[in-house]
There are 2 protein chains.
Amino acid sequence: MARTTISEVAKAAGVSVSTVSRALRGLDKVNPATRKRVEDAAEKLHFSFSKSASSLASGKTMRVGVLLADRISGWFNSHAFEGVYEALSVHGYDVIPYVIWGQDTLDNFFQTLPGNQNVDAVIVFSFDLDDAKKQVLKELTVPVVGLNTPSDDGYDATARIDDRVSMYAPVRLLHSLGHESLAYVEQPETSPFLSTSRIRSQAFVSASRELGYADDKIMTIPAIVYTGMRSQMDVYSGIAAQLVGSPSRPTGVCVENDKVAVALVRELVRVGVRIPEDMSVIGFDDDTRAPILDMTTVHQDPTELGRAAGNKTLALMRGERLDNPYSVVPTSLVLRDTTGPAPTDD
Amino acid sequence: MARTTISEVAKAAGVSVSTVSRALRGLDKVNPATRKRVEDAAEKLHFSFSKSASSLASGKTMRVGVLLADRISGWFNSHAFEGVYEALSVHGYDVIPYVIWGQDTLDNFFQTLPGNQNVDAVIVFSFDLDDAKKQVLKELTVPVVGLNTPSDDGYDATARIDDRVSMYAPVRLLHSLGHESLAYVEQPETSPFLSTSRIRSQAFVSASRELGYADDKIMTIPAIVYTGMRSQMDVYSGIAAQLVGSPSRPTGVCVENDKVAVALVRELVRVGVRIPEDMSVIGFDDDTRAPILDMTTVHQDPTELGRAAGNKTLALMRGERLDNPYSVVPTSLVLRDTTGPAPTDD
DNA sequence: ATGAAAGCGCTAACAT
DNA sequence: ATGTTAGCGCTTTCAT
């Protein structure tokens, strides 16, 4: 199918190129008969618009970029991306992922995308951006919307869950179940740009304090970067060891996300810890893994978040003013079988 | 950051636009001193190329489209997409997903993408395309590569697993474990374009026959489209009922993929079937769910498949001739805890 | 090594 | 309702 241009269609239909343009884009002020002739000619010649040419001439690219702080195959990202796609693709937009692996890809992104209308908008997923980058985003002439960004600052709109509030529910549950010593486990290896890690662990600590836990009853296992040396399993057995061996003997554990929680529960069970009799574990996400282990977790819906972000983006690209640009999607605690009353001392 | 154009940079650097173009693209025949001046000017003005303008002038879009028969959030698709992205993004290509939901999106895709160089290549995931569509693909002037397509026909290159061969391993295992009656479960609700469903179930049947099973010892539970009325759980309890209630009393079950296998195992356990004492179950994929249930399954690596497809695409776009355009990535049977010897009759 | 000029295939006034 | 015209911001011969 050799590239057919609009002028060939015009010739075939016996009209001018502008008429072809109008007819094919469904604009008004085109005689129905003419339109029909044009459409037939286009069909016969297998014509389709060159997006580049349209973009160049119109100034709209019909593309939106999605900035990811982490792999697109992860549960959250793939679903959120899908939500964005659902909202935008039906309106003819291409949705292009840009995965940021490290400082170089970040710099590269900020260098090549911004200036010249290369996208009509950018959506930023769960990013922890420093002020310099935020400044760059602010200076972009296209809408910038955030999805689960740590704050609304610097974004024309955001859709997010409240990580802080969301972490209170599981801590409150553990407290009401009588657990006297708590622990929080961060995802072992994580992207430097991911914002959730930091926020959730901070929220865990403040929630615990507010509920009256002394600092020596609040343990945190941070996201040490295990430098590839150790296998996945070693990582989790290390965490399990810290949990079991800690002088504070935590019996209630919150985990940054279900992926890590599931691996941890399996490891704990392997070394003889009974869940929930000896230890209660609560995840975060309610991803596909959580129900398999009947794990208590905090439910969130990334697809919905993606749709929300996509729709806001759409409105912004149309020049509309949003009456509620910064929206928060609620999460909910899902009670399942990895939580129970604190073990009684013998 | 207002759009800066190449001519503004030219002016600022005191050179012509063509020199700017050469300098910034790292072409040869540019005086180092001149290049430096141009780069400085570009930097100061926050210049970046307009992709649309570059595309239009050069004829290369630096974009490749990925055709998906199903949601991008699924385990296979998200990982395969990631593999493609890894291979192509480092070379400056944008990777754009196109999800095909139904006949209309399919038609729309084939209508808007093809003709005018809107992408430099297209990669097709697990698609069952009719001859007409294949013909359209063939007529595309850009490379078309398949990833887990049912055949190599119509593609300039493909990377895939051999679904047929892959299905033989689990059937052989069940046979060697003494199971005398087998069953195969297709994914309940599936896309009409997904090719794997059909192929795997056919392979299951022929593998079983070759191993000597009579047709009344080979049961297949097809992908009936449960029309939204029933809940997910009802679907699986229906399947479990068919399995348990069948006159052929199958004790060895192969399932189209782990997602379905996991749900099925849980349902079977719920109704009192012991796995693997009463029934052996084998999945397909070895996705994130399989290890959680210690499920025996057929392992495949979609990310690797994606990388392979991406690299072939890259070579093709460069005009290179592949010496091995159609490659098959092996799968492997992973033995875990959902399989065991056939139950002895009492 | 650098510049001039001719498009790439469209859209968007502006005419008519 | 339709045609004319002037770009959009680049790349690419072709000169020099």
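We name chains A, B, ... by the order of the sequence lines, and we start the count at 1 in each one. Basis for what follows: all heavy atoms, side chains included, without hydrogens, waters or symmetry-related copies.
- Salt bridge A:R198/A:D128: present, at least one basic N to carboxylate O contact under 4.0 Å.
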Quiz item: Base, backbone or nothing for each nucleotide of nucleotides 11-16 of chain D, written B, S, -, heavy atoms under 4.0 angstrom, 5' to 3'?
Solution: SBB---
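- In summary, B:E8 and B:K11 do not engage in a salt bridge, as defined by a charged side-chain N under 4.0 Å from a carboxylate O.
- Judged purely by atom type and a 3.5 angstrom limit, B:Y85 has no side-chain atom pairing as donor or acceptor with the backbone of B:A80.
- Residue A:T34 is classed as a sugar-phosphate contact, given heavy-atom separations below 4.0 Å to backbone atoms only.
- Under 4.0 Å is where a charged nitrogen must lie from a carboxylate oxygen, and between A:D40 and A:K36 at least one such pair does.
- Summary for the helix from C:dA1-D:dT16 to C:dT16-D:dA1: the axes at its two ends, each from 5 pairs, differ by 30° when rounded to the nearest 10 degrees.
- Contact check, A:S50 against C:dG9: no side-chain N or O comes under 4.0 Å of OP1 or OP2.
- The pair A:R160-A:D152 meets the salt-bridge criterion, since a charged nitrogen lies less than 4.0 angstrom from a carboxylate oxygen.
- Residue B:T19 places none of its side-chain N or O atoms closer than 4.0 Å to OP1 or OP2 of C:dT2.
- A:D107 has a carboxylate O that lies under 4.0 Å from a charged side-chain N of A:K133, or vice versa, which qualifies the two as a salt bridge.
- Ranking D:dC10, C:dG9, D:dT2 by closeness to the A:L56 side chain, first place goes to C:dG9.
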